[in-house]
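Working notes for the structure below.
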Amino acid sequence: MGRSPCCHKEGLNKGAWTADEDKLLSDYIKSRGGGKWGKVPKETGIKRCWKSCRLRWLNYLRPDIKRGNITHDEEDLIIRLHKLLGNRWSLIAGRLPGRTDNEIKNYWNTILAKRQQNNEKSSIARVVDEACRNPDMGYQHQ
DNA sequence: AAGTCACGCAACCGCTTTGAT
DNA sequence: AATCAAAGCGGTTGCGTGACT
């Protein structure tokens with residue numbers, strides 16, 4: 001049910017985005033706004049499926065995106081939110097202005113890998129432990 | 001200096017959910 | 001109320017880069 005047919009069309013570009021594609025997408029979203037992703041490839045001429053366009057915008061082109069260097073506070077919040085919400089990356093990202101679900105997911109997977117390697121009580125483990133004991137963890141419902 | 005390995009990030013794939021008809 | 005298409009989400013993969021031997 002409901003599999004998006006656009007992603008099965010042949011002749012679509014794959015892999016890394018070019019500067020031209022970025023500009024087309026960025027200009028389009030700025031002038032028309034997001035939401036109707038199905039129209040984006042047709043109206044911009046970008047040879048990508050709508051999913052790729054959406055992902056590119058959300059994870060890379062959005063003007064309010066912060067990139068790199070997740071702060072200690074942000075890391076702390078991610079860990080606490082993950083404890084509460086599980087792998088609901090989009091929800092977690094919603095609590096972290098300027099961060100994307102993909103970025104947080106990648107970051108978490110990196111942390112997990114490190115934690116598995118260390119397998120010892122790290123600062124993260126301590127934070128998680130602390131989070132368990134303090135339910136009012138300073139995040140806000142919207 | 002060259003080759004190999006490991007890590008991190010960007011992008012893709014497929015399933016689920018939501019909205020329109 | 002049922003069906004279908006569009007959109008959203010999370011897991012996984014592939015590529016590029018840097019560190020190490």
Side-chain angles (χ1 to χ4, degrees), chain A residues 1-132 134-135 137-142:
Chain A
M1 186 203 301
R3 181 74 47 81
S4 304
C6 74
C7 295
H8 294 271
K9 282 184 181 171
E10 292 182 7
L12 296 179
N13 291 343
K14 292 179 78 170
W17 279 64
T18 65
D20 281 349
E21 288 174 321
D22 280 349
K23 186 173 187 335
L24 282 171
L25 178 59
S26 173
D27 288 349
Y28 178 86
I29 299 297
K30 282 174 187 167
S31 62
R32 304 287 189 87
K36 292 291 181 184
W37 293 107
K39 291 183 176 178
V40 174
K42 292 171 198 157
E43 298 194 4
T44 60
I46 296 172
K47 290 183 171 48
R48 304 267 181 176
C49 79
W50 66 267
K51 290 182 178 185
S52 294
C53 295
R54 177 183 164 274
L55 205 65
R56 183 64 175 174
W57 172 256
L58 292 178
N59 290 327
Y60 200 84
L61 297 175
R62 252 169 46 193
D64 59 332
I65 274 181
K66 271 191 257 176
R67 301 198 64 77
N69 288 349
I70 288 182
T71 65
H72 187 267
D73 282 352
E74 287 174 320
E75 178 182 299
D76 187 52
L77 190 53
I78 290 167
I79 291 162
R80 289 162 188 253
L81 288 170
H82 185 269
K83 187 73 188 174
L84 274 176
L85 303 170
N87 292 2
R88 306 293 179 206
W89 305 116
S90 60
L91 284 177
I92 294 172
R95 308 287 181 194
L96 288 155
R99 299 297 183 184
T100 69
D101 55 352
N102 209 30
E103 187 178 16
I104 291 168
K105 180 169 60 178
N106 283 332
Y107 184 69
W108 182 260
N109 288 337
T110 303
I111 285 181
L112 269 187
K114 283 178 184 170
R115 281 178 63 190
Q116 281 175 350
Q117 275 182 359
N118 293 338
N119 200 20
E120 286 288 340
K121 50 183 174 184
S122 60
S123 61
I124 293 164
R126 284 196 295 276
V127 169
V128 169
D129 187 55
E130 188 184 334
C132 293
N134 297 305
M137 289 174 276
Y139 86 96
Q140 311 160 298
H141 272 296
Q142 50 189 16

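Note on naming: letters A, B, ... go to the chains in the order of the sequence lines (proteins, then strands), and numbering restarts at 1 for each one. Keep in mind that what you see is a predicted model, and the values were worked out from it rather than measured. Both backbone and side-chain heavy atoms feed into the values below; hydrogens, waters and symmetry mates do not.
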I need the [atom1]-[atom2] distance between [X] and [N], as an integer number of Å.
X	N	atom1	atom2	result
A:W57	B:dA11	CH2	P	15 Å
A:W108	C:dG11	CH2	P	12 Å
A:Y60	B:dC12	OH	P	14 Å
A:I65	B:dC9	CD1	C1'	13 Å
A:L91	B:dT17	CG	C1'	13 Å
A:N59	C:dT12	CG	P	18 Å
A:N109	C:dG10	CG	P	12 Å
A:W37	C:dG8	CH2	P	8 Å

Fill in: Aromatic ring pairing A:W89/A:H82, orientation class (parallel under 30°, perpendicular over 60°, tilted between)
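A:W89 and A:H82: parallel rings.
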Worksheet item: Taking 4.0 angstrom as the limit, do A:E43 and A:R32 come out as a salt bridge?
Response: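 Salt bridge present between A:E43 and A:R32.
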The side chain of [X] lies closest to which of these nucleotides: [options]?
X	options	value
A:K36	B:dC12, C:dG10, C:dA7	C:dA7
A:K51	C:dA7, C:dT12, B:dC15	B:dC15
A:R48	B:dA10, C:dG11, B:dC12	B:dC12
A:L55	B:dC12, B:dG8, C:dA7	B:dC12

For [X] and [N], is the shortest distance between a side-chain N/O and OP1 or OP2 below 4.0 Å?
X	N	answer
A:S90	C:dG10	yes
A:W50	C:dA6	no
A:R54	C:dG8	yes

Practice prompt. May I ask you to verify whether the side chain of A:N102 and the base of B:dA11 hold a donor-acceptor pair under 3.5 Å?
Written response: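 Present.
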Worksheet entry | A:P41 to A:W50 - nearest heavy-atom pair and separation |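 Nearest pair, atom of A:P41 first, then A:W50: CG-N, 3.8 Å.
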Practice prompt. Over all heavy atoms of both residues, which pair between A:I46 and A:E21 is shortest? Give the atoms and the distance, please.
Written response: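 Nearest pair, atom of A:I46 first, then A:E21: CD1-O, 3.7 Å.
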Item to complete: Check the side chains of A:Y107 and A:E74 for a donor-acceptor pair under 3.5 angstrom, ignoring hydrogens and angles.
Response: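 Absent: no donor and acceptor within the cut-off.
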Discussion item. Please classify the nucleic acid contact of A:N87 as base, sugar-phosphate, or nothing, using heavy-atom distances under 4.0 Å.
Written reply: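 It contacts sugar-phosphate atoms only.
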